[in-house]
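One structure is given here, and the rest of the page talks about it.
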Amino acid sequence: VTDSVGDTAKLSDVANVYDAGVACGVANTFNGGQAFPNQVLVTLGSATGSITLTYATGPNPDKFEVWIGGVKVADTGYHGSPTQVNPATGNTYQTDLSAYLAAHSLPDETITQIPGPADVVDANTQYTNNPETLVITKSTNDTTAVVKIYSPLDNTIWKFSLSCPA
């Protein structure tokens, strides 16, 4: 910032942006630009037991992490198509993901899960057929989970829900 006499000041800071908290079992969707990461607070209650992350993406790579009590309890890895060409750049999605991570001094990651016709999210962010699932054991009384969704490339689309403890 610069004031009226030309003096300047600079402040570097990091702000975590969270979506408003949602109840367990409620679907969350995103369709649009980059979100690295999107963070969604999910209210789970204090019960322990199995919770299920249900998620789907398109060929544009996305990764989902679940954090409970400040500890990462699940990481899906990048889900997308490593060989499909990104129409926005003419590169493969894997090439664009690697370039994004390198430009931000982050370690390279490989797209490890390839969505098939049953896993894709349509333009209205609806699951088509069967999405992916990941079962997690909630072993603490922490009442909230943070789901971080890493969507480093523009024009991503995803949907997820995190079930209540059973």
Side-chain angles (χ1 to χ4, degrees), residues 1-2 8-22 26-42 51-136 144-163:
V1 294
T2 304
T8 62
K10 182 175 162 180
L11 172 66
S12 296
D13 197 4
V14 174
N16 289 321
V17 178
Y18 294 93
D19 286 348
V22 297
V26 174
N28 293 268
T29 61
F30 184 80
N31 184 355
Q34 281 179 329
F36 197 86
N38 242 5
Q39 299 187 78
V40 179
L41 301 176
V42 180
I51 56 177
T52 301
L53 174 67
T54 303
Y55 63 99
T57 71
N60 193 334
D62 299 299
K63 175 172 75 165
F64 299 83
E65 293 178 350
V66 178
W67 293 71
I68 299 175
V71 176
K72 182 169 53 170
V73 297
D75 184 338
T76 65
Y78 277 97
H79 188 104
S81 176
T83 58
Q84 185 170 333
V85 173
N86 181 349
T89 65
N91 301 319
T92 65
Y93 283 113
Q94 181 62 63
T95 298
D96 285 347
L97 173 62
S98 295
Y100 177 89
L101 296 172
H104 292 84
S105 301
L106 297 168
D108 194 24
E109 294 192 50
T110 302
I111 299 171
T112 57
Q113 299 183 54
I114 302 170
D119 302 330
V120 176
V121 182
D122 71 16
N124 296 314
T125 60
Q126 301 298 311
Y127 293 126
T128 58
N129 302 320
N130 299 314
E132 300 292 325
T133 58
L134 179 63
V135 178
I136 306 155
T144 305
V146 177
V147 179
K148 297 180 181 182
I149 308 95
Y150 294 84
S151 302
L153 306 179
D154 281 335
N155 301 313
T156 192
I157 185 169
W158 51 258
K159 182 175 184 176
F160 86 88
S161 64
L162 189 61
S163 71

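Computed from a prediction, not measured in an experiment: that's the story for all the values here.
Here Tyr93 pairs with nothing under the side chain to side chain donor-acceptor pair (under 3.5 Å) rule; sequence neighbours left out. Residues forming a side chain to side chain donor-acceptor pair (under 3.5 Å) with Asn155 (at least two apart in sequence, or on another chain): none. For Ser151, the side chain to side chain donor-acceptor pair (under 3.5 Å) partners are Asp62, Trp158, not counting sequence neighbours.
Atom OH of Tyr150 and atom CG of Leu106 lie 9.0 Å apart (nearest 0.5 Å). Interatomic distance, OG1 of Thr144 versus CG of Leu41, reported as 6.5 Å (0.5 Å rounding). We find the CG-OG1 distance between Leu162 and Thr54 to be 8.5 Å, quoted to the nearest 0.5 Å. Expressed to the nearest 0.5 Å, how far OG of Ser161 lies from CG of Leu53 amounts to 7.5 Å.
Counting all heavy atoms, side chain and backbone alike, Pro152 lies closest to Pro61 at CD-O, 3.7 Å. Residues Val66 and Ala145 come closest through the heavy atom pair CG1-CB, 4.3 Å.
Put simply, the residue from Thr57, Val147, Thr29 that forms a side chain to side chain contact (heavy atoms under 4.5 Å, CB included) with Phe160 is Val147. The only option from Thr76, Asp75, Leu134 that meets the side chain to side chain contact (heavy atoms under 4.5 Å, CB included) definition with Phe64 turns out to be Thr76.
For the pair Pro82 and Thr92, the minimum side-chain heavy-atom distance is 4.5 Å or more. Residues Asn28 and Val22 form a side-chain contact, since some pair of their non-hydrogen atoms from C-beta on lies under 4.5 Å apart. A 4.5 Å side-chain heavy-atom check between Gln34 and Tyr100 finds at least one atom pair inside the cut-off. Inter-residue side-chain proximity for Phe36 and Leu101 is flagged as met; some heavy-atom pair is nearer than 4.5 Å. Between Ile149 and Val40 there is a side-chain heavy-atom pair separated by less than 4.5 Å. Considering only heavy atoms from C-beta on, Leu97 comes within 4.5 Å of Tyr78 through its side chain. The side-chain heavy atoms of Val146 and Lys148, taken from C-beta on, include a pair separated by under 4.5 Å. Looking at heavy atoms from C-beta onward, Gln94 lies in side-chain contact with Asp108 at the 4.5 angstrom threshold.
One N or O on the side chain of Thr89 and one on the backbone of Asn91 form a donor-acceptor pair closer than 3.5 Å. Between the side chain of Glu109 and the backbone N or O of Ser98, no donor-acceptor pair lies under 3.5 Å.
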Exercise. Given the rule in the side chain to side chain contact (heavy atoms under 4.5 Å, CB included) test, do Lys63 and His79 qualify, once you have shown the distances and angles that lead to the verdict?
Worked result: CA-CA 6 Å; Lys63 175 172 75 165; His79 188 104; over 6 Å; no
